There are 2 protein chains.
Amino acid sequence: MSESNAPSRTAHKGGNGRAQRDAYDLPRVLEIAVTAFNEHGYDATSMGNLADRLGTSKSAIYYHVAGKEDLLRLALERAIGELEKVLDEPGAKSGSAAERLRFVLSGAVRVLVDDLPFVTLLLRVRGNSDIERSALERRRRFDHAISRLVDEARDEGSLRADVDAAVTTRLLFGMINSIVEWYKPGGSITREQLTEDVLTVAFDGLTKR
Amino acid sequence: MSESNAPSRTAHKGGNGRAQRDAYDLPRVLEIAVTAFNEHGYDATSMGNLADRLGTSKSAIYYHVAGKEDLLRLALERAIGELEKVLDEPGAKSGSAAERLRFVLSGAVRVLVDDLPFVTLLLRVRGNSDIERSALERRRRFDHAISRLVDEARDEGSLRADVDAAVTTRLLFGMINSIVEWYKPGGSITREQLTEDVLTVAFDGLTKR
DNA sequence: GTCTATATACCGATAGAC
DNA sequence: GTCTATCGGTATATAGAC
């Protein structure tokens, strides 16, 4: 069942006395792990699976990380960290509520695309461990910040008031978060085009005018 | 670690010679299983967990179903079956493409709400087994049918043409499918109100007019 | 129909050689 | 840094008593 995307299995030492190929350092292990977690789910992915994908052994992985859950923690940390950064950017703090909302939504799409596998994993977490619950809590706070922006935009008269505000926010998030389920970076749709399409559909709807 | 939502553990026989309480028949087992799968994920839910929730033993469950995967199969079958039915209803076959699209989207929301736990499970399936892949394939066909409706509605001039059609469909689905992540039946938002809100946001957008 | 006990397999993680 | 071998735990599923 071994995968085939691994370099030579026999890591022989070079003349300098140091083991060649450092392909299995932490960033590479993390990348492979996140990909596997997204493909089969965290629980359905075993350390043995990861070792196969890396062309190494379970023990070799444990040299680089403390354990399976540590891989999850590092991945979730990166995803939620990047999303939180958007709220601290200047564009998220000046202008009308509508302008700030558009900026933050654009930023969310940007992070989603640039860190697609990491954010994908974040959006699938169910809260089965302290690490997952911690990530969910930070995500909840991020969502709440945007929810407040929606409220402000409604209050200033930019957004429609005939639909429940909470529902509005949820649907907005549903639309944006769903991007991780289908968007392929490097395909025919650029990140900028995607961002524009999302904002167009969200604010102006599908109906032709 | 036993749960407490179980009736009396001691199932004594009645005078008619038949074991009392048939609380643990298949529908009940399936309901509990789907709830657990949604809360912790299919892989993270063990047959022991289910037995605890039912207040019975693992073996008792195996009397009613062939195995854990059988529970998944039954649940996915119901969810995708109900969604497919919508496409066969009269309203999905007559009227303009825009009218049919609205009907099918309304129907999807209806099924989503009425069979919430089952559809939730369906939307989280990753394709880890033949059963999951089969469900995903049927879901893909369902999505494709709606995608064709979107194309038709664009062609007849009902929907805007300045956003990629495939992207439009994906965002539409993302919005609707996200309902399973937050909607609570029996809460302040009725199913009919939710349907109306979804269609309003999808077709008319968030901007006040 | 439900129970206890168990077979069999795989999991995450570690020990110790090299 | 990576290996093989293995520990302890838990998983699905079954056997056989009642």
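In this text the structure is predicted, and so the values were computed from the model without any measurement.
The minimum heavy-atom distance between A:V86 and A:F103, with the atom names listed, is O-CE2, 4.0 Å. Heavy atoms only, all atoms of each residue included: A:L50 and A:A33 are closest at CD2-CA, 3.7 Å.
Under 4.0 Å is where a charged nitrogen must lie from a carboxylate oxygen, and between A:D70 and A:R73 at least one such pair does. Salt bridge B:R191/B:E196: absent, no basic N to carboxylate O contact under 4.0 Å.
Residue B:L50 contributes atom CG, which lies 8 Å from atom P of D:dT12 at whole-angstrom precision. Nucleotide D:dC3 holds its C1' atom 15 Å from the CG atom of A:L54, rounded to whole Å.
Between A:T56 and D:dT2 there is no side-chain N or O to OP1 or OP2 distance below 4.0 Å.
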In the 5'-to-3' direction, what one-character label does each nucleotide of nucleotides 5-18 of chain C receive under the scheme B = base within less than 4.0 Å of a protein heavy atom, S = sugar-phosphate only, - = no such atom? B-----SBBBB---
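A donor-acceptor contact closer than 3.5 angstrom links the side chains of B:N49 and B:S46.
Taking the ring axis of B:F203 as reference, the NZ or CZ atom of B:R102 stays within 45° of it and closer than 6.0 Å to the ring centre.
Of the candidate nucleotides C:dC3, C:dG1, D:dG1, C:dC3 has the atom nearest to the side chain of B:A60.
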